[in-house]
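Notes follow once the structure below has been shown.
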Amino acid sequence: TMAKTLQMVREFRKQDAATPVVLMGYYNPIYSYGVDRFSTDAQTAGVDGLIIVDLPPEEDAELRVPARTAGLDLIRLATPTTDKERLPAVLNGATGFLYYVSIMGVTGTKTIATDEVGAAVARIRAMTDLPIAVGFGIKTEEDASKVAKIADAAVVGSALVAEISQFARADGKSVAGAVKAVLDLCRRLAGAAHNARV
């Protein structure tokens, strides 16, 4: 539930006050919770930003305004189909960073095309000073390294889910072991990204 999600953030903040927390999801749970209440509760819990994947710029004022009043960034998405006519609308009112979805289709099913992503990031950089994060298709240390050379951040999600899934199917494996495996993968991917920027 939304209440449990915010409680998880509060628990995390007891141990870590510095790491940014961005909630990503759909608008309906926020709408059901109450936009103003959510914005206040999210900020109080320690949330820094929101990525709401089904709320286009033309319709996000009902969340964007209370979120910004509460000090939450509303992070927008751009895709390979976001052309130069559409990009200004995406950037208008965006805060925090821009999330560039690097491939079309379902996350985790394709490999990132670095040259195409590099050209898209360059086009976006010409129109905004916001940092640009690239996600979808980043599965390996090599992927993370390539993306880190052209963008400000590499977003990894499906590779972590795949790690958990494989680990969960193994007989006799503990939750603690699965957590360790995911943390190890995160360290390797982060190390590759950081080393690429040195």
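The chain is numbered in sequence order, starting from 1.
Note that CG of Leu160 and CD of Glu163 are 8.0 Å apart. Values are rounded to the nearest 0.5 Å. Put simply, CZ on Phe97 and CD1 on Ile132 are 11.5 Å apart, with the number rounded to the nearest 0.5 Å. Here OG of Ser39 is found 7.5 Å from CD1 of Ile30. Values are rounded to the nearest 0.5 Å.
Residues meeting the side chain to side chain contact (heavy atoms under 4.5 Å, CB included) test with Asp60, sequence neighbours left out: Leu55, Arg64, Leu74, Arg76. With sequence neighbours left out, the side chain to side chain contact (heavy atoms under 4.5 Å, CB included) criterion links Thr140 to Glu142, Asp143.
In summary, of the residues considered (Ile75, Asp152, Leu91), a side-chain contact (heavy atoms from CB on, under 4.5 Å) with Leu98 occurs for Leu91 alone.
Val101 and Tyr26 fall within a single hydrophobic cluster, where Ile, Leu, Val, Met, Phe, Trp and Tyr side chains are chained together by heavy-atom contacts under 4.5 Å. Val182 and Val161 are not part of a single hydrophobic cluster, where members link through side-chain heavy atoms under 4.5 Å apart. Residue Val65 is not grouped with residue Tyr27 when hydrophobic side chains (ILVMFWY) are merged at heavy-atom distances under 4.5 angstrom, including chains of intermediate members.
Salt bridge status for Glu116 with Arg123: absent, with no side-chain N to carboxylate O gap under 4.0 Å. Under a 4.0 Å N-O distance rule, the pair Lys180/Asp184 qualifies as a salt bridge. Using a 4.0 Å cut-off between a side-chain N of Lys or Arg and a carboxylate O of Asp or Glu, Asp115 and Lys146 do not qualify as a salt bridge. Look at Arg13 and Asp48 and you find a salt bridge, because one of the NZ, NE, NH1 or NH2 atoms lies within 4.0 Å of a carboxylate O, short of that distance.
Other cluster members for Leu130: none, since no ILVMFWY side-chain heavy atom sits under 4.5 Å from it.
Applying the 6.0 Å contact sphere to CE of Met127 captures more than 12 heavy atoms from other residues, nucleotides or ligands.
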